[in-house]
Amino acid sequence: MGSPRPKASEQNSRVISTVAQNLHHRHTAAKSNGKASSDEEDIMRTTALDATASEHTEEAPVLLAVSYLRVSTREQAERGGTDEGFSIPAQREANRRKADELGARIVREFVDAGESARSADRDGLQEMLAFLAATRVQFCIVHKLDRLARNRADDVKIHEALINAGVTLVSATESIDQTPSGMLVHGIMSSIAEFYSRNLATEVTKGLTQKVAQGGTPGRAPIGYLNVRRTDDQGREIRTVEVDPERAPLIAWAFERYAEGETSVTALLRDLTARGLVSVPSPKRPSRPLGKNALYRVLTNPYYAGVIRYKGAHHPGAHEPIVEPALFDQVQSLLKVRNAYATRHVQHAHHLKGLLHCGSCGSRMLLDFATNPRGTTYAYFVCSGRAAKKTTCTRRAVPVQVAERLVEDSYANITISEADYQHLAAEVDAAFDERGAGRDHEFADLTTNRARLEAESDKLLAAHFADAIDLPTLKRHQDRIRAGLADIEHRLREHDEQQIGGRAFLHDSLRLLTDAHHAYAHSDDGNRRLANQAFYTRLEITEDEQLRPRLAEPFATIVHEVTGGKEAKREHSTSSDVACSRKTLWVGPEGLEPPTSTV
């Protein structure tokens with residue numbers, strides 16, 4: 001005869017001892033890493049209590065399970081004004097009933113709210129797999145298989161991880177198990193879930209493409225607009241986009257301010273924040289000021305000019321533009337120019353570094369250092385074309401002191417006297433006054449037309465309120481009036497910019513030239529670098545160590561007017577007595593005034 005079977009109490013005691021010993025080792029290891037596993041402690045207490053209870057009832061210990069819940073969209077998770085919506089509680093209740101059928105106790109719940117099953121990179125899922133690998137749980141309960149994965153590859157990986165952890169996957173609504181028929185059902189349901197996901201994505205893309213073609217907005221409208229839902233007379237839900245009355249004026253101001261060309265994106269962000277621009281709040285994220293990258297996306301988004309950008313193509317939108325297309329294009333031009341020519345905010349080794357060019361081959365000149373046998377270090381500017389052997393240039397290096405003297409002396413050649421300033425300033429004022437007199441009639445006509453359109457708009461509104469005209473007729477006429485007013489405002493603003501902004505710009509440029517040499521000689525390296533970037537478009541050093549500068553506008557035109565178009569020559573004898581030789585004045589035929597656009 002075999003040995004007698006142990007009593008139930010002895011068997012349960014061994015179970016408790018084994019479980020407690022294993023969990024004690026894990027708990028000790030976790031404490032050595034600085035923390036104890038609260039999950040394992042919960043399971044240890046649950047197992048011990050269940051085993052103690054079974055000692056008196058002589059029943060098997062209660063099985064352990066985890067419950068996994070998921071909804072695909074944030075809207076589902078917040079439906080009904082609750083924290084979990086309707087789907088999560090329904091899945092929880094179904095999983096709890098399934099656990100009762102299995103005689104299992106749910107010791108941990110994992111939730112992914114608003115997470116798509118097309119990817120396995122979900123916080124709740126990854127946390128659950130880690131938990132199962134570190135504990136002894138028998139079942140993983142889901143409401144449906146598509147809660148875990150909606151493609152076959154992820155389904156196989158997740159199921160393999162569960163098998164390796166000794167966990168059985170259970171669906172609360174589907175008949176799957178480890179039998180051949182159960183595995184077949186599992187594979188069929190997983191394939192159906194993948195087909196549903198891919199087909200749904202195709203249909204959504206098709207719908208969004210058609211919506212965009214009709215001028216609709218795909219997804220959430222950008223800041224400055226609001227997504228609005230309303231119901232028509234037939235009970236159909238209509239989703240539209242409307243201008244945000246609180247934020248749209250600030251967005252329009254941002255475009256106008258940046259188009260003036262006198263501020264940077266960083267400074268504009270600071271001004272917008274001071275004016276109170278914040279993002280639209282959501283249930284999970286409160287309002288907060290924009291970041292620099294967010295503001296840059298605003299300035300480059302054609303949506304504000306009435307254009308929808310979708311999958312690399314532009315489509316006319318049905319929403320109301322916040323800015324005019326001409327203003328938007330002007331901002332894009334400024335952003336492009338500043339991105340192309342902006343100097344990086346790094347610590348330059350020398351204020352001329354990156355600004356000088358070789359007069360022989362046109363390559364940029366690099367700052368280089370040489371040390372003699374006595375340990376003395378000398379700084380030179382060398383031709384990058386020769387150094388990299390990209391050109392056949394043979395010019396020698398230029399000492400830094402020589403380059404500094406050449407550039408500093410060039411400011412003496414462009415400095416104008418106080419008498420020249422007074423004379424040119426008077427000519428500027430006379431030219432603007434003469435030009436303005438010829439446009440006074442146009443300015444008066446624009447002002448009159450603006451008042452007429454505003455009066456017409458008021459009459460149309462009064463007629464609509466008196467039921468004299470219907471809403472579609474009112475909207476058609478209001479759109480026409482709005483377009484006319486926008487054109488008038490643009491032309492009036494352009495008139496002011498040409499008359500006031502252009503005049504002030506030329507006066508400031510003239511005043512800078514009256515003190516150019518003295519100001520440059522007494523400036524620090526940072527301001528000298530800025531001055532060179534403002535006054536010159538190119539600085540070339542010739543083979544005979546002469547500076548050949550190209551003045552930027554309007555300085556080139558002003559110097560041309562002062563010299564009368566005559567060539568100025570200035571030579572020097574040696575490198576120790578350096579002077580600037582401006583042999584060619586780079587002047588255009590535009591005249592004294594800066595180029596302006598015509599209406």
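This structure is a prediction, so every number in the text was calculated from the model and none was measured.
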Does the side chain of Cys383 come within less than 4.5 Å of Ser360's, by heavy atoms? no
Salt bridge or not between Asp525 and Arg528? Use side-chain N to carboxylate O under 4.0 Å. no
Rounded to the nearest 0.5 Å, what separates atom CZ in Arg386 from atom SG in Cys361? 10.5 Å
Side-chain donor or acceptor of Thr542 paired with backbone N/O of Gln546 under 3.5 Å: yes
Please find the pair of heavy atoms, one from Ile223 and one from Tyr304, that lie closest to each other, and give the distance. O-OH, 2.7 Å
Would you say Leu461 and Gln478 make side-chain contact, with heavy atoms under 4.5 Å? yes
Taking the six-membered ring of Tyr303 as reference, does the NZ or CZ atom of Arg309 fall below 6.0 Å from its centre and within a 45° cone about the axis? no
Ser410 side-chain N/O to Val407 backbone N/O, donor-acceptor pair under 3.5 Å: yes
Centroid separation Phe535 to Tyr520 less than 6.0 Å: no
Student check: side-chain heavy atoms of Pro302 and Phe328 closer than 4.5 Å: yes
Sub-4.5 Å side-chain heavy-atom contact between Glu320 and Glu242: no
For the atom pair CZ (Phe255) and CD (Gln332), what is the distance rounded to the nearest 0.5 Å? 7.0 Å
How far does CD1 of Ile481 sit from CZ of Arg476, to the nearest 0.5 angstrom? 11.5 Å
Using the side chain to side chain contact (heavy atoms under 4.5 Å, CB included) rule, pick out the option among Arg364, Gln533, Arg538 that qualifies with Leu355. Gln533
Heavy-atom nearest pair, Gly291 first then Leu269, reads C-CD2, 3.7 Å
Could you walk me through whether Lys459 and Glu454 pass the salt bridge (charged side-chain N to carboxylate O under 4.0 Å, His left out) check? CA-CA 9 Å; Lys459 290 180 181 179; Glu454 290 174 346; over 6 Å; no
Looking at Glu489, is its backbone amide N or carbonyl O close enough to the side chain of Arg450 to form a donor-acceptor pair, meaning the two atoms are under 3.5 Å apart? no
With distance as the sole test, does Arg395 use its side chain to make a donor-acceptor pair with the main-chain N or O of Ile541 at under 3.5 Å? yes
What I'd like to find out is whether the side chain of Tyr536 reaches to under 4.5 Å of the side chain of Leu551, using heavy atoms alone. yes
For Val280 and Ser287 the tightest heavy-atom approach is C-OG, 4.2 Å
State, yes or no, whether a side-chain contact exists between Leu272 and Leu290 at a heavy-atom distance under 4.5 Å. no
Is any side-chain heavy atom of Leu299 less than 4.5 Å from a side-chain heavy atom of Leu268? yes
Value for CZ (Arg247) from CD1 (Ile322), rounded to nearest 0.5 Å, stands at 11.5 Å
Is there a donor-acceptor pair closer than 3.5 Å between any side-chain N or O of Ser384 and the backbone N or O of Met365? no
Using atom types as modelled and distance alone, determine if a side-chain donor or acceptor of His351 lies under 3.5 Å from a backbone N or O of Gly526. no
Under 3.5 Å, side chain of Arg239 to main-chain N/O of Asn227, donor-acceptor pair present? no
Just how far is it from atom CG of Asn532 to atom OH of Tyr411, taken to the nearest 0.5 Å? 3.5 Å
So His477 and Arg480, side chain to side chain contact (heavy atoms under 4.5 Å, CB included) or not? Walk me through it. CA-CA 5 Å; His477 287 291; Arg480 172 181 56 81; 3.3 Å; yes
From CA spacing to verdict: side chain to side chain contact (heavy atoms under 4.5 Å, CB included), Glu456, Leu453: CA-CA 5 Å; Glu456 183 182 355; Leu453 290 175; 3.9 Å; yes
With a 3.5 Å distance limit and no angle check, can you tell me whether Thr415 reaches the backbone of His517 through a side-chain donor-acceptor pair? yes
On a heavy-atom basis, the closest approach of Ile308 and Gly317 is CD1-CA, 3.7 Å
Any donor and acceptor pair, going by atom type alone, linking the side chain of Thr377 with main-chain N or O of Thr371 inside 3.5 Å? no
Looking at Asp515 and His518, would you say the former's side chain and the latter's main chain have a donor-acceptor pair under 3.5 Å? no
Between Asp271 and Arg275, does any side-chain N to carboxylate O distance fall below 4.0 Å? no
Can you tell me how far apart CD (Glu324) and CD (Glu256) are? Round to the nearest 0.5 Å. 10.0 Å
Note: Thr300 and Leu335 closest approach over all heavy atoms is CG2-CD1, 3.6 Å
Please state whether the rings of His319 and Tyr225 are parallel, tilted or perpendicular, taking 30° and 60° as the class boundaries. perpendicular
Which heavy-atom pair separates Pro249 from Asp244 by the least distance, and what is that distance? CD-O, 3.9 Å
Flag side-chain contact, heavy atom, 4.5 Å: Val400 against Phe369: no
Worked check of side chain to side chain contact (heavy atoms under 4.5 Å, CB included) between Arg482 and Leu485: CA-CA 5 Å; Arg482 187 183 299 110; Leu485 287 174; 5.8 Å; no
Take Asp368 and Phe381 through the test side chain to side chain contact (heavy atoms under 4.5 Å, CB included) and record every step on the way to the result. CA-CA 6 Å; Asp368 195 14; Phe381 281 103; over 6 Å; no
